[in-house]
Amino acid sequence: MSLSKAELAATVARDIPQGAYVNLGIGQPTTVADYLAPDSGVVLHTENGMLGMGRAAVGDEIDPDLINAGKVPVTQPPGAAYFHHADSFAMMRGGHLDVCVLGAFQVSARGDLANWHTGEPGAIPAVGGAMDLAIGAKQVFVMMTLFTRDGTPKLVPECTYPLTGRQCVSRVYTELGVFEIEEGGVRVRETFGITPDELQTRLDIELR
């Protein structure tokens, strides 16, 4: 079976190093916060100005003034800090984040990232802080579906959408497999409900 969205978030959370400083991008990546072990020591950063962010808030925990960059209410663990938006971006651009987890429209075999615009007329661009994260974080993990609804691969030889960053992606997490972007190409780390050979027949890149 392929992974559910919750299982995919848990898989990403499993691979975040102990004690890392991490930014979770808007959308599906924010759900990774819900699966981090309490003793992981991971410190979450959100670009709207919070360090030490907790998981998503539920019930009486919800404070409409305490949100992540995606406007989702979050919890505030002991030691959390708030600061100006400009300071938050200085942390992102200054190489202070160990990992960022981003969504994507496409990732190329050499690690190029396209996640802010499809390039189609009338599409609303969503730049956000992804460009800053793509160049500033020490590792960029992408969390996405491997194929579009019509079956078109999103892990591609070359991105056809406008780029967010060049050769910046370290690893790609999808419902069907986890892929390492390496100097020599794309390596299959693990698969879910499908074999590497079956994946190869559906992708236009060479898998290792």
Side-chain angles (χ1 to χ4, degrees), residues 1-17 20 22-37 40 42 55-56 70 72 98-120 123 126 130 133-134 137-208:
M1 294 289 290
S2 61
L3 297 186
S4 66
K5 289 183 178 181
E7 290 169 334
L8 183 57
T11 299
V12 177
R14 173 201 70 188
D15 288 349
I16 292 177
V22 179
N23 181 286
L24 302 177
I26 293 171
Q28 194 175 354
T30 62
T31 62
V32 172
D34 299 339
Y35 297 94
L36 292 169
S40 68
V42 172
R55 57 170 173 77
V72 175
D98 297 302
V99 177
C100 72
V101 185
L102 299 171
F105 295 130
Q106 289 177 329
V107 174
S108 80
R110 64 169 175 258
D112 299 332
L113 171 66
N115 78 344
W116 70 277
H117 202 324
T118 61
E120 295 188 10
L133 290 165
K138 295 170 186 172
Q139 291 191 84
V140 177
F141 292 173
V142 164
M143 188 178 178
M144 67 179 189
T145 56
L146 188 53
F147 301 95
T148 64
R149 291 178 183 174
D150 66 3
T152 302
K154 295 166 70 173
L155 186 56
V156 294
E158 297 281 346
C159 292
T160 56
Y161 294 152
L163 292 184
T164 305
R166 294 184 184 277
Q167 295 180 285
C168 56
V169 177
S170 312
R171 192 177 297 162
V172 178
Y173 290 83
T174 77
E175 78 285 10
L176 293 174
V178 179
F179 305 88
E180 300 279 359
I181 307 296
E182 300 176 335
E183 188 172 337
V186 179
R187 179 169 62 85
V188 182
R189 183 179 178 186
E190 56 187 317
T191 61
F192 313 110
I194 192 170
T195 68
D197 287 342
E198 289 171 329
L199 274 178
Q200 184 65 81
T201 64
R202 298 183 62 185
L203 296 173
D204 297 324
I205 61 172
E206 183 177 350
L207 298 176
R208 297 165 54 192

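Just so we're clear, the structure is a prediction, and the values are computed from it rather than from any experiment. We use all heavy atoms of the structure for the numbers below, so side chains are in, but hydrogens, waters and symmetry mates are not.
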Walk me through it: do Asp112 and Gln167 pass the test side chain to side chain contact (heavy atoms under 4.5 Å, CB included)? CA-CA 4 Å; Asp112 299 332; Gln167 295 180 285; 3.7 Å; yes
Quick one: do Phe179 and Thr174 satisfy side chain to side chain contact (heavy atoms under 4.5 Å, CB included)? Show the steps, please. CA-CA 8 Å; Phe179 305 88; Thr174 77; 3.9 Å; yes
For Asn115 and Met144, run side chain to side chain contact (heavy atoms under 4.5 Å, CB included): C-alpha distance rounded to whole Å, both residues' side-chain angles, the deciding distance at 0.1 Å, then the answer. CA-CA 10 Å; Asn115 78 344; Met144 67 179 189; over 6 Å; no
Applying side chain to side chain donor-acceptor pair (under 3.5 Å) to Asp197 and Thr195, what does each step give before you reach the verdict? CA-CA 5 Å; Asp197 287 342; Thr195 68; 5.3 Å; no
Could you walk me through whether Glu198 and Thr191 pass the side chain to side chain contact (heavy atoms under 4.5 Å, CB included) test, one step at a time? CA-CA 10 Å; Glu198 289 171 329; Thr191 61; over 6 Å; no
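Considering every non-hydrogen atom in both Gln139 and Ser170, the closest pair reads CA-OG, 3.5 Å. Among all heavy-atom pairs drawn from Pro29 and Gly25, the shortest one is CB-O, 3.3 Å. Nearest heavy atoms, Ala114 versus Pro162: CB-O, 3.4 Å. Heavy-atom minimum distance, Gly184 versus Arg208: C-NH1, 3.2 Å. Of all the heavy atoms in Gln200 and Leu207, the pair that sits closest is OE1-N, 2.8 Å. Closest approach of Ser2 and Leu176 over heavy atoms only: CB-CD2, 3.6 Å.
The environment of CD in Glu183 is sparse: at most 12 heavy-atom neighbours from other residues, nucleotides or ligands sit within 6.0 Å. Heavy atoms of other residues, nucleotides or ligands lying less than 6.0 angstrom from CD of Glu206 number 12 at most. Crowding of Arg166 atom CZ: a count of heavy atoms from other residues, nucleotides or ligands under 6.0 Å not exceeding 12.
Here the side chains of Arg171 and Asp15 are in contact, with some heavy-atom distance below 4.5 Å. The shortest side-chain heavy-atom distance between Val156 and Asp204 does not fall under the 4.5 Å cut-off.
Atom CG of residue Leu3 and atom CG of residue Leu8 lie 6.0 Å apart, to the nearest 0.5 angstrom. Distance check: Arg189 CZ to Thr11 OG1 gives 9.5 Å after rounding to the nearest 0.5 Å. To the nearest 0.5 angstrom, Ile181 atom CD1 is 7.0 Å from Ser108 atom OG. Annotation: the span from Gln106 atom CD to Thr164 atom OG1 amounts to 10.5 Å, rounded to 0.5 Å. Between the CG atom of Leu155 and the CG atom of Leu203 there is a distance of 6.0 Å, given to the nearest 0.5 Å. Note that the CG atom of Leu113 and the CG atom of Leu133 stand 10.0 Å from one another [nearest 0.5 Å].
At distances below 3.5 Å, not a single donor-acceptor pair connects side-chain atoms of Asn23 with backbone N or O atoms of Cys100.
Shown are Lys154, Gln28, Lys5, Glu175; of these, the side-chain hydrogen bond (donor to acceptor under 3.5 Å, both in side chains) with Thr145 is made only by Lys154.
Under a 4.0 Å N-O distance rule, the pair Asp34/Arg55 does not qualify as a salt bridge.
The aromatic rings of Phe105 and Tyr161 sit perpendicular to each other, their planes meeting at more than 60°, with 30° as the lower class boundary.
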